[in-house]
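Down below is the structure, laid out as C-alpha cells.
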Amino acid sequence: MAKYDAVVVGSGPNGFAAAITLQRSGLSVLLLEGKDTVGGGMRTAELTLQGFHHDICSAVHPMGIGSPFFRSLPLAEHGLEFIHPEVMAAHPFDNGHAAALYKSVEETADGLGVDKPAYLKLFKPLINIWPNIDSEMLGPLLTIPKHPIDLATFGLKALQSGKQIAARYQSKEARGLWSGLVAHSMIPLDDLTSSAIALILSTVGHISGWPIPKGGSQSIANALASYFTSIGGEIQTNQLISTISQLPDAKALLFDTSPSQLLEICGDRLSNSYRRRLNTFRYGMGVFKVDWALSEPVPFLAEACRKAGTVHLGNTFEEVALSERQIWDGKHAERPYVLFAQQSLYDPARAPHGQHTGWGYCHVPNGSQKDMTATIEAQVERFAPGFRDTILSRHTYNTSEMHTYNPNYIGGDINGGVVNIAQLINRPILSLSPYKTSAKGIYMCSASTPPGGGVHGMCGYYAATQALKDLF
Ligand SMILES: Cc1cc2nc3c(=O)[nH]c(=O)nc-3n(C[C@H](O)[C@H](O)[C@H](O)COP(=O)(O)OP(=O)(O)OC[C@H]3O[C@@H](n4cnc5c(N)ncnc54)[C@H](O)[C@@H]3O)c2cc1C
C-alpha cells in the first residue's frame, strides 16, 4: 500500500494550497521542497547585514489577504499577522508631488482632483461586485459562472489595455498612478488585458488593503507549514526532484513547477501532443532585484511616498509605457519603472532600531545579464535625493541568479509565464481542465496555471480540487 495518497512537489503558495486542500479532504499528503526552507516566493532572509530581514521575492500582499482560499484557513492562529501601511501605494512625479492609493476609494479619488468622478465611476461598481466573483476571477476562465453579469462587467473592463483605461483620466496624477498599477502586468501598457491585473490589485486593495506580513513574507510560508502539519501533512525539504522515479508511489502527483520543469521531470509519461503544446508556453520579462540595508528612511520628496508601503517609480504614464514597451521589445530601459517597497517603516523588526530596509526591482528582457543596480538607484534618487547616502549595504539578483534561486523563475520571469490574452486563457494549455496533464494522476498547480502569479494559492487550490474530483 502506498504511504501517501498524494505528493506535491514545491512549497510555494500554490504547492501549500494544493497540499492543504488534499490533506483537509482526509488524504495523506507529502510536500517535497528542493531548497532547505519552505516558501518559494515567500521567503525572508538576512541578505545584506545582520539584523536586516529582506523579502527575497514577494513583499506586499493584496492577493494574499484577498485570496478566498487563504481566507478559509486559520492562518492567524498559526502566527500570520498582516500590517497595513497608511498609504497602500504612492506614485511620485518629477515635480516632487505624488499621487496616492489608499484603502479608501473615496480618499484615493479625493487626491485625483479633476479625475475624482472618473475614478469613482470605474472602481465603485467593481468593488461592489468583486465579492460575488473573486473565486471565479481568480480561477480558470473557461467555466460556467455563478454570476455571469457581474463577471462580464469586470471582464469587459479587464479586456481593455492600460492605455484605453488611462484615456478616462485627464490629470497627470491619475494617469501616472494607473500606469504604475498596470505595469505589474509585465506586458506593454497598450496590450489587450494589460488592465486586468491593475483592476484586480486596485479593487482588492480598496476592499482589503495592500498589507505586509509581520516579520516578512516568510511568515505566510511558516503559517501555511504550521497549519499543514497540524492537520497531519508531512513536509520534506532538500528534495530537489529531477525525475519522477524519485517520488514515492501515490495516486496523485502535483507539481508546483514551471511547464519546462514538468517536461523534464515527467516527460516520458506525457503524450507527444501535450508535450508539444507545453513546449509553446511563453515566458515573459525578467526582473533585476535589489535589497538595501539603509541607515534611515528613504528621503522621498513627496510626503505620500514617505508613508507608503509600496512606491511605483516611473513618473508619467508615457514614461512608464515607453520603458515597459522597450523591455518587451528586448531592450533595457534607461529610466525603467521600479517597484519599490519599504516594509521596515511599518514593521520595525525588519531592521535594527532606527535603520531600514529597501526592496526594489525593475523589469528587464528575459534572461538579461545586465547589472541594473545603478539604474535602479538613479530612479530612487530621482524622487528621493540623498537616497544613495543612506545605503549601508546592498544585495542583488540578476535574472540568472533569480532562476538559480527558484527554478520556476525561467529567465527571471516571476509571473510563471506571460499573462497576455493568449496565456490568460491557455495557461498552460487551452483546456477546460488546465491543471490536468495528459498523464492520469499528474497535475500542474503553479503560477503557470490559472489565475497566474501572486501569493494567493488559488492555482494550487483549483488543481487539488480537480485531482480530488478525478481520483478520489
Ligand atoms: C522579486 C519578486 C517579487 C514579487 N513580489 C510579489 C509581491 O509583492 N506580491 C505577490 O503576491 N507576489 C509577488 N511575487 C510573485 C510570487 O512570489 C509568485 O507569483 C508566487 O510565489 C508563485 O507561487 P508558486 O507556488 O506558483 O511558485 P513558487 O512560489 O515559485 O514556489 C515554487 C517552489 O517549488 C520549489 N521547486 C521548484 N522546482 C522544484 C523541484 N524540481 N523539486 C523540488 N522543489 C521544487 C521551489 O524551490 C519553490 O520553493 C514576486 C516574485 C518575485 C520573484
Side-chain angles (χ1 to χ4, degrees), residues 7-19 31-43 54-67 70 89 138 184 186 197 200-201 204 210-213 216-217 220-221 224-225 235-244 246-247 253-258 260-266 286-291 309-310 339-341 343 359-363 396-397 399 401-410 412-417 419 444-461 463:
V7 175
V8 178
V9 176
S11 70
N14 291 312
F16 268 117
L31 177 61
L32 297 173
E33 167 54 49
K35 300 282 170 183
D36 57 1
T37 57
V38 294
M42 311 176 289
R43 292 198 186 94
H54 303 279
D55 287 325
I56 301 173
C57 304
S58 67
V60 183
H61 292 280
M63 301 318 298
I65 196 165
S67 159
F70 284 177
L138 301 176
H184 281 255
M186 299 178 79
I197 287 174
I200 293 174
L201 287 174
V204 171
W210 280 31
I212 56 166
S217 292
I220 307 179
L224 288 166
I235 299 174
Q236 292 176 12
T237 52
N238 291 313
Q239 300 286 335
L240 184 65
I241 304 304
S242 48
T243 151
I244 200 162
Q246 285 172 265
L247 299 177
L253 303 175
L254 291 92
F255 289 86
D256 185 12
T257 66
S258 65
S260 312
Q261 281 191 90
L262 185 80
L263 284 166
E264 279 165 30
I265 299 169
C266 306
V287 302
F288 187 95
K289 166 102 190 306
V290 191
D291 287 284
T310 303
L339 241 159
F340 187 88
Q343 300 90 316
W359 169 108
Y361 66 83
C362 74
H363 302 152
T396 64
Y397 280 109
T399 62
E401 288 156 343
M402 268 288 161
H403 190 165
T404 305
Y405 170 71
N406 183 339
N408 284 12
Y409 300 151
I410 309 283
D413 175 356
I414 64 173
N415 264 340
V419 194
M444 264 189 78
C445 67
S446 71
S448 301
T449 63
V455 173
H456 44 64
M458 295 302 286
C459 315
Y461 164 73

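No hydrogens, no waters, no symmetry mates; every other heavy atom, side chains included, goes into these values. Counting convention: from 1, in listed order, for ligands and their atoms alike.
- The backbone N or O of Asp55 sits less than 3.5 Å from a side-chain atom of Trp359, completing a donor-acceptor pair.
- A donor-acceptor pair shorter than 3.5 Å cannot be found between the side chains of Arg43 and Ser217.
- One finds the CG atom of Asp291 at 12.0 Å from the OH atom of Tyr361 (value rounded to the nearest 0.5 Å).
- Closest to atom 9 (N) of ligand 1 among all protein heavy atoms lies Val60 O, 2.8 Å.
- Side chain of Ser446 to backbone of Thr257: a donor-acceptor contact under 3.5 angstrom is found.
- With values rounded to the nearest 0.5 angstrom, Tyr397 atom OH is found 9.5 Å from Tyr409 atom OH.
- For atom 32 (C) of ligand 1, the nearest non-hydrogen atom of the protein is Asn408 ND2, 3.3 Å.
- Atom OG1 in Thr310 sits 8.0 Å away from atom CD in Gln343 (nearest 0.5 Å).
- For ligand 1, the polar-atom distance check finds no N/O of Cys445 at less than 3.5 Å from any of the ligand's N/O atoms.
- The contact set between ligand 1 and Val9, taken as ligand atoms under 4.0 Å from a residue heavy atom, comprises 40 (C), 42 (N), 43 (C).
- Near Ile265, the atoms of ligand 1 lying under 4.0 angstrom from a non-hydrogen atom of the residue are 41 (N).
- With no hydrogens or angles considered, no side-chain donor-acceptor pair links Ser260 and Glu264 at under 3.5 Å.
- Contact analysis leaves Asn415 out of contact with ligand 1, as no non-hydrogen atom separation drops below 4.0 angstrom.
- A pairwise comparison of heavy atoms in Val60 and Ala341 identifies CG2-CB, 4.2 Å as the closest pair.
- Side-chain atoms of Thr237 do not come within 3.5 Å of backbone N or O of Glu33 as any donor-acceptor pair.
- Within the 4.0 Å heavy-atom shell around ligand 1 one does not find Gly416.
- Ligand-side atoms of ligand 1 in range of Thr257: 38 (N), range being under 4.0 angstrom from any heavy atom.
- Checked by atom type and distance alone, the side chain of Ser67 never pairs as donor or acceptor with a backbone atom of Gly64 at under 3.5 Å.
- Scanning the protein for heavy atoms near atom 5 (N) of ligand 1, the closest one is Ser58 CA, 3.2 Å.
- With ligand atoms numbered from 1 in the order given, ligand 1 contributes 33 (C), 34 (O) to contacts under 4.0 Å with heavy atoms of Ser11.
- Looking from atom 35 (C) of ligand 1 to the surrounding protein, the closest heavy atom is Glu33 OE1, 3.3 Å.
- For Leu240, heavy-atom contacts with ligand 1 shorter than 4.0 Å involve the backbone as well as the side chain.
- The proximity of Phe16 to ligand 1, defined as any non-hydrogen pair under 4.0 Å, does not occur for either the backbone or the side chain.
- Taking any N or O of Ala59, backbone or side chain, at least one lies under 3.5 Å from an N or O belonging to ligand 1.
- Across the listed options Gln239, Gln261, Gln236, His184, Gln261 owns the non-hydrogen atom lying nearest to atom 38 (N) of ligand 1.
- Taking any N or O of Asp256, backbone or side chain, at least one lies under 3.5 Å from an N or O belonging to ligand 1.
- Not one N or O of Gly453 is nearer than 3.5 Å to an N or O of ligand 1, by distance alone.
- Using a distance-only test at 3.5 Å, with no hydrogens or angles considered, a donor-acceptor pair links the side chain of Asn406 to the main chain of Asn408.
- Counting heavy atoms under 4.0 Å from ligand 1, residue Ser446 touches it through both backbone and side chain.
- For atom 29 (O) of ligand 1, the nearest non-hydrogen atom from the set Gly41, Gly34, Gly460 belongs to Gly41.
- When all heavy atoms of Ile197 and His184 are compared, the closest pair comes out as CG2-CB, 3.9 Å.
- For atom 11 (O) of ligand 1, the nearest non-hydrogen atom of the protein is Val455 N, 2.9 Å.
- Taking CD1 of Ile235 as the reference point, atom CG of Leu224 lies at 9.0 Å (rounded to 0.5 Å).
- Heavy atoms of His456 stay at 4.0 angstrom or farther from ligand 1.
- Side-chain N or O atoms of Lys35 include one that pairs as donor or acceptor with a backbone N or O of Tyr405 at under 3.5 Å.
- The protein heavy-atom contact nearest to atom 53 (C) of ligand 1 is Ile414 CG2, 3.1 Å.
- Taking every non-hydrogen atom of Pro407 and a distance limit under 4.0 Å, the qualifying atoms of ligand 1 come out as 37 (C), 38 (N).
- Of the protein's non-hydrogen atoms, the one nearest atom 3 (C) of ligand 1 is Cys57 O, 3.3 Å.
- At a threshold of 4.5 Å between non-hydrogen side-chain atoms, the residues Ile265 and Phe255 count as touching.
- Residue Ala447 has at least one nitrogen or oxygen atom sitting less than 3.5 Å from a nitrogen or oxygen atom of ligand 1, judged on distance alone.
- For atom 18 (C) of ligand 1, the nearest protein heavy atom (residue, atom name, distance) is Gly454 N, 3.8 Å.
- Between atom CG of residue Asp256 and atom CG of residue Leu262 there is a gap of 11.5 Å, rounded to the nearest 0.5 Å.
- Close contacts of ligand 1 with Asn14, meaning ligand atoms under 4.0 Å from a residue heavy atom, involve 23 (O), 24 (P), 25 (O), 26 (O).
- For ligand 1, the atoms sitting less than 4.0 Å from at least one non-hydrogen atom of Lys35 are 47 (O), numbered in the order shown with element in parentheses.
- The contact set between ligand 1 and Arg43, taken as ligand atoms under 4.0 Å from a residue heavy atom, comprises 49 (O).
- The residue Val38 has no part lying near ligand 1, judged by heavy-atom distances below 4.0 Å.
- Between His456 and Pro451 the shortest heavy-atom distance is CE1-CG, 3.7 Å.
- The nearest pair of heavy atoms linking Met42 to Val455 is SD-CG1, 3.7 Å.
- The shortest N or O to N or O distance between Trp359 and ligand 1 is not under 3.5 Å.
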